Every structure is written in C-alpha cells, then in structure tokens.
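To start, the structure under review is shown below, and the notes come after it.
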Amino acid sequence: MKDHSVRYAADEGLAGCHTCGLLSPVDEKYCPRCHSHLLIRKPHSLARTVALLIASVIFYVPAMTLPVMTVQGIGGTEASTLMSGVITFWEMGSYPVSIIIFTASILIPILKIAALAWLCFAANGNCGGSQRVLSTAYHITEIVGRWSMVDIFVVAILACLVQLGTLMTITPGPAAISFAAVVILTMLAAMSFDPRLLWDRLRHHSPTQA
Amino acid sequence: MSENTVTPKVKRRRRISSVWMVPVIALILAGWLLWKNRIDQGPLITVSFETAEGIVAEKTEVRCKSVKVGIVEKVLLSDDLNGVVAEIRMDPGYEALLKKKTRFWVVRPRVSSGAISGLGTLITGAYIELDPAEEGKTSENFTGLEEPPVKGNNVPGLRLTLIAEEAGPISVGSVIYYRGFVVGQVERSTLDIEARRVKFQVFIEEEYAALVRKETRFWNATTFNVSAGATGFNLQTPSLQSLVSGGASFSTPQDRFDSPVAENGDVFTLYTDEKAAIDASFTPDKRVLLLFDQSVRGLERGSSVEYRGIPFGRVVDISLKYLEKGDPRVPVLVEVDTNAFKKASSVDQDTEVDLQKAVANGLRARLAYSSLITSSLYVDLDFYDDVPPESLTQLNGYDVIPTRSSGFAMIETKLTSILDKIDALPLDQTLASFDKAAGEAATTLAESRTTITKLNNAIDQINKLVGSEDTQNLPRELTQTLAELKDSVESLGPGGAVQGDLRRTLDELRSALRAFENLSNTIDEKPNSLLFGRESSGDPIPKGPR
C-alpha cells in the first residue's frame with residue numbers, strides 16, 4: 001500500500017490539536033495556539049465508544065417494544081410501536097412511507113450500531129478490513145447520525161399539533177424517549193470514536209513500520 | 001549510581017473509566033421504562049362471547065359506566081369453535097372490578113321493539129361494558145352476556161322470579177306495570193327444562209319494591225280482555241308498548257296487603273290474565289260435593305262458588321263418577337276457602353266452620369246465572385228459611401251440601417203451572433161463539449164490500465170528469481180571464497187610460513161650470529147683458545159724472 005510509506009506524526013512525537021488542528025510536539029502538553037489539552041489520540045476513545053454503544057443497544061430494546069405514540073380518537077385509544085406503524089402503513093399500501101419509516105427508525109440505528117461496533121473491533125485490531133471501506137463507514141455513520149432524529153421530530157410535531165380534544169389526541173409514548181436516547185448515544189459514540197485509531201492499527205501491524 | 005537505583009515501577013492505574021457509567025445508567029433507565037410499562041398494564045383476563053361482532057383487537061375498549069378500564073388485546077376463537085375468547089388487558093388499578101359475578105357484554109347499536117340503545121357506538125364502534133359486582137371471589141375468566149342486562153348488579157331494587165306456563169309475548173326488557181305504571185323490567189328469561197316452565201328474572205325498582213307482597217299476584221298484561229257484565233260488554237286492551245314488547249302487571253288483593261314485603265329471590269306465579277290471578281287468590285282448603293237435580297249446562301270447571309255474591313271457591317270437577325249408577329242427580333265437586341267463607345258469613349274467625357250446623361241452619365247450594373247472555377252459571381250458597389230441614393251427608397269421603405232448585409228452575413215450574421191453567425180454560429165454547437160472531441162479521445163485511453164498490457164507481461166518475469179535457473183547460477182559461485181582469489183593473493188605476501180621460505173630462509166640465517158661473521154672475525149684475533153684451537172690460541172703470 002502506498003500509505004505505508006507515509007510518516008506518522010505520532011511516531012515523530014507530534015500531535016495535532018483536537019480543537020484547532022495545529023501540529024505541535026506532544027511534550028508541550030498544551031497547544032501553543034489555543035491552549036487546549038494536547039494529546040496524540042483521544043483518551044479512552046474505544047472504551048467510551050463501546051460503552052455508549054452498549055447503552056444505545058440497551059435503549060434500543062424499549063424503543064422497539066414500547067409504544068412510540070398513543071392516538072386517542074373517536075374509535076378508542078390506539079398505542080402504536082414503531083414496528084406496528086411500519087406494518088400498518090405496509091398493509092394500507094403506503095409502501096414508500098412504510099419503507100422510509102422502517103429504514104429510518106429501525107434499520108439505520110441497527111446499522112449504525114453495527115458499523116460502530118465493527119469500527120471499534122477493527123481499531124482494536126481484532127478484525128480486518130480495508131482502510132478505505134472503514135473510513136467510508138465512519139463518515140457515513142457520522143453524517144447519518146444527525147438525521148436519525150426524524151422520528152422523534154415527527155412524534156414531537158404530531159403531539160404538538162394533533163390536540164383536537166375528543167376527536168383525536170396524540171401523546172408521545174415511552175419509546176420516543178428511548179429512541180431519542182438511542183440516537184443521541186450513537187451520535188456521541190460516533191463522536192468519541194477516534195478514526196485515527198484505524199490507521200494506528202496499520203502502523204502497529206505493519207512489519208515495515210514496526 | 002544507576003546500579004542501586006531502583007527502577008520505579010510505573011503502574012498504570014487500572015481504573016474503570018467513568019464512561020462505563022453511561023451503559024449502567026442506560027440499563028437502569030431502559031429497565032425502568034420496561035418495568036413501568038409492564039406495571040402500567042393491569043391483569044390480563046379472558047371473556048368468552050358467542051360472536052366477536054364489533055370487537056376489534058387493540059381497539060375495542062372495556063368500559064365501566066363509560067370509563068375506560070381496559071382494552072381488548074386479542075380476539076381468538078374458542079377451543080371448541082363455538083364462540084370467541086377476547087383477551088382483555090385491564091388498566092392498572094381496576095383489579096377490584098374483576099369479581100366472579102362481574103358481567104361483561106358488548107354494547108353495539110340495538111334496535112328492538114322495546115327500545116333503541118347504543119346508537120353512539122355507530123360512530124365510535126362497539127365497546128365492552130363491564131358491570132362490576134361487589135362481592136365474590138376474584139376471577140380472570142368470564143363469560144360475556146349476549147344481551148345487555150336490563151339493570152346493573154349494583155342498582156338497588158327487588159329481584160324476583162316469575163314462573164309461567166308459557167313465555168307468551170313477555171321477553172327480556174318487557175315492562176312490569178303496577179296499575180299501568182312502569183315499576184320494573186324483565187331482566188332475563190330462561191326455560192326450566194325439568195319443570196317445563198318459563199322462568200323470568202324480574203327487577204322491581206327500589207322505590208316500588210314495597211308494593212310487592214308475599215301474596216301479590218302477577219299476570220300477563222298483554223292480553224285482550226272481553227268481559228260481559230251487568231254494565232254491558234267491556235273490552236280491555238293492553239297499552240301499545242306492552243302490546244309490542246310485552247309486559248306483566250301485578251296487584252295485591254285488598255285483604256292481603258298486610259302480608260310481608262317480598263324479598264329478593266322470591267318466586268311468584270305469572271298468571272295468564274288478571275282474572276286468573278284474582279281467581280288464584282283463593283287458598284282452597286276444603287272440597288265439597290253438590291248434587292243437583294237439574295241440568296248443569298253452563299257450569300264449568302273454574303266457575304265460581306259464591307256466598308251471597310262474594311266468591312270464595314270454584315268448581316273443580318263435574319263428573320258422574322262421584323255417584324253410583326242410577327242416581328239421576330249431577331254431582332259437582334267444588335273447592336272452597338273456608339277462611340273466605342268465614343269472613344263472608346261472619347262466622348267467628350277462630351272456630352272451625354261447622355258445615356253440619358250451617359246446613360241445619362238452612363245452608364243450601366243452588367245454581368244461578370252469572371250472565372244471561374252467555375247463560376253461564378255459578379254456584380250460589382246461601383241460607384234459606386223456607387227449606388225442608390236436611391242434614392250434611394257424606395259421599396265418597398266428601399261432605400255433601402244439599403242443593404235447592406235454582407231460581408230459573410222455579411221459573412220453569414211456574415211457567416208450567418201457568419200453561420196448565422191455560423189448558424184448563426173452556427176454549428171450545430169460546431171458540432164456537434167466536435165462530436158465530438165471525439159469521440156475522442163476515443156478512444157485515446160483504447155488505448160493506450158492495451158499498452165500497454159503489455163508492456169506487458162514484459170515484460171513477462169523478463176521476464173521469466177531472467180527467468176530461470175541459471176540466472183540464474179550466475185552470476188555463478181562468479188564468480187568462482184573471483190576466484184580462486188585471487189589465488182592466490190596471491187601466492182603471494192611477495196610470496190607466498180611463499182615469500186620464502175622466503180627469504180631462506172633469507177639467508173640461510169644471511171650466512164649463514166656471515164659464516157658466518161667469519155668465520150667471522154677469523146676468524145677475526146686468527141682466528141686459530144678455531142682450532147688450534158685457535162691458536168691454538171686466539175691470540170697471542170708474543166713471544166721472546156725466
């Protein structure tokens with residue numbers, strides 16, 4: 001690989017500032033420009049990521065099983081979970097809507113968690129994977145993260161707007177909180193993951209660079 | 001220097017990163033959410049129904065007095081495929097409602113002859129109503145009612161059982177009347193297979209519960225009653241509502257109103273009509289045989305036995321089997337309520353009715369018409385002074401009260417005696433003289449007949465005269481003459497021509513007379529004027545002396 005000939009700042013005792021990006025010797029402890037803490041790598045990055053991932057997996061369970069919103073209407077009260085919503089739309093024939101909800105609310109969180117878990121494993125050196133694929137996976141995870149809140153927004157807006165008294169009232173359910181927690185925790189996990197660990201792995205494992 | 005210096009052992013502090021608190025907190029929070037959700041769900045119960053019509057899983061609510069207390073989670077077919085089982089998730093906090101006697105039924109729109117209910121569910125969809133019971137063991141499996149009960153378990157009131165031979169028009173929801181006023185409803189009707197009778201569970205509202213006594217009689221109020229009484233025919237029709245949806249009435253006999261108030265679960269007989277109910281108010285305690293020497297046509301089973309018009313018994317049987325062969329009398333078995341008889345005949349309440357003594361005092365039975373139109377009979381018991389003394393006898397174990405020929409039988413005898421007297425009259429002689437008189441009358445009649453013929457002839461001639469043309473024309477001519485007469489009279493009238501002529505002639509005559517007067521005056525003044533004429537002027541010019 002071409003990259004293997006690249007020199008690493010860490011090997012030279014240099015570290016890029018996390019805040020302003022200035023490259024300075026790591027011995028200085030603090031960035032001479034912005035005075036933020038100077039570290040070669042984010043401390044405990046993997047541990048943090050894994051911890052947050054585990055927390056998000058835990059929240060994923062109530063998010064899927066509990067009702068995300070309760071519709072009180074003339075026909076009675078109906079509490080719907082995310083999956084029941086998907087099924088309802090699918091049975092109604094609104095396949096695109098159903099697919100969107102399924103993808104955004106059920107599939108993406110799972111894929112995100114899986115992707116981050118895979119990245120963590122890879123960074124730890126436990127499994128392989130091409131550098132390019134891993135980088136792409138990381139970027140996608142980070143970009144997608146902020147769009148996963150769509151469901152929560154929908155529920156929040158509906159709960160605000162649909163307050164028609166006896167006709168129809170929508171109230172958010174416990175799954176909404178759980179789902180928000182899942183999204184936030186995966187975002188935090190993605191943030192706390194230091195992608196540089198990915199190439200550290202190559203640096204440590206490459207015999208030429210050892 | 002470097003040899004004895006000890007290399008410090010740099011130990012990396014193995015402390016658990018605080019970041020691991022996050023999944024722990026997450027675990028606690030998620031666990032709490034799940035646990036709370038689990039706790040928020042009340043107990044799961046099953047209610048079986050005949051049909052799941054209107055019940056939708058996860059939609060249909062369970063309500064108690066319109067308050068939501070649960071929701072149907074699943075609707076399954078029952079194992080024997082004869083019904084459905086609804087799994088209902090109760091809301092938390094309503095466990096106390098689930099007693100063994102708690103009733104469930106589906107509220108859906110119902111239109112029946114009696115009422116329209118549940119219209120609200122047309123829009124909102126059906127729901128399951130829960131009627132809580134206060135006591136009883138907690139239960140989780142229930143059997144739902146197919147028809148909504150009329151009254152809830154908790155509604156205070158009197159619950160009775162009525163037993164009828166036939167359900168007739170009475171069904172669940174039929175109304176119970178007291179003097180035409182609605183005081184209750186039929187809640188349930190069941191068929192008692194063993195007794196082959198219909199049982200009605202009846203609810204009487206609490207405020208009217210005191211009207212129902214132990215001695216109260218219930219009857220079917222849906223029947224038409226035609227009765228012919230002393231005041232003529234009488235048609236009693238039930239109210240329209242009871243005609244459509246059925247109904248029962250009740251009343252307590254006047255003299256039994258002091259009987260104790262009925263209690264929950266009391267059983268009453270439902271009579272077919274009011275009369276049957278009233279008749280049933282006897283409690284016959286004695287059977288007596290009556291032997292009549294006359295036809296008992298018109299007397300039937302159930303005909304009343306009265307003491308001076310007060311009913312106190314009824315005819316049980318009319319059959320010759322109570323007598324030995326050859327006896328011409330007709331035996332009538334009656335049952336009487338001696339208590340009623342005691343009251344009616346003012347015998348001392350405590351003493352046993354002594355029929356022996358009563359018969360010795362002149363107690364006799366006789367047949368009497370209860371209605372002349374239908375010629376139905378009743379048995380009348382009374383004391384008579386003018387009867388030959390008789391005593392109470394026994395026959396086949398029954399007391400036999402002696403009978404007396406009835407009023408109409410006596411009328412019959414009197415009629416016969418009248419006819420006998422008529423028979424004894426010297427009718428032959430009378431008839432002979434009648435015959436003679438009739439002969440004379442016949443000749444007289446013949447004479448008068450000739451006179452009549454003559455008269456007829458005269459009338460014919462008159463008719464001819466009247467019919468002739470001249471006679472016919474007479475009136476016309478008369479009219480004509482009258483018209484002419486009228487004309488001549490009119491001409492004589494003020495505007496008539498004759499009068500005008502007359503007036504003119506008179507005027508001329510008057511002027512002629514005036515001229516003659518002048519002439520005579522002139523001649524008077526001047527007699528010579530006849531010869532010499534008058535002065536030229538009538539106005540004399542005074543003359544001067546000449």
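Hydrogens, waters and symmetry mates play no part in the numbers below; they use all other heavy atoms, side chains included. On a predicted model such as this, the values are computed, not experimentally measured, just so you know. Residue numbering restarts at 1 for every chain, and letters A, B, ... go by the order of the sequence lines.
In the displayed structure, Phe89(A) atom CZ is contacted under 6.0 Å by at most 12 heavy atoms of other residues, nucleotides or ligands. Under a cut-off of 6.0 angstrom, the local environment of NZ in Lys99(B) is crowded, with over 12 non-hydrogen atoms contributed by other residues, nucleotides or ligands. Taking a 6.0 Å sphere around CD of Glu50(B), one finds it holds 12 or fewer heavy atoms contributed by other residues, nucleotides or ligands.
Proximity to chain A (any heavy atom under 4.5 Å) is restricted, for Ile71(B), to the side chain, taken from C-beta onward. If you measure heavy-atom distances from Ser192(A) to chain B, you find no contacts under 4.5 Å at all. Residue contact with chain B, scored on non-hydrogen atoms closer than 4.5 Å, involves the side chain of Leu185(A) exclusively.
Rounding to the nearest 0.5 Å places CG of Leu34(B) at 5.0 Å from CG of Leu66(A).
With sequence neighbours left out, the salt bridge (charged side-chain N to carboxylate O under 4.0 Å, His left out) criterion links Glu73(B) to Arg89(B).
The shortest non-hydrogen separation linking Ala26(B) to Ala55(A) is CB-CB, 3.4 Å. Scanning all heavy atoms of the two residues, the minimum distance from Leu33(B) to Ser178(A) falls at CD1-OG, 3.0 Å. Of all heavy-atom pairs between Trp20(B) and Ala47(A), the closest is CZ2-O, 3.7 Å. The minimum heavy-atom distance linking Ile58(A) with Ala30(B) is given by the pair CG2-CB, 3.5 Å.
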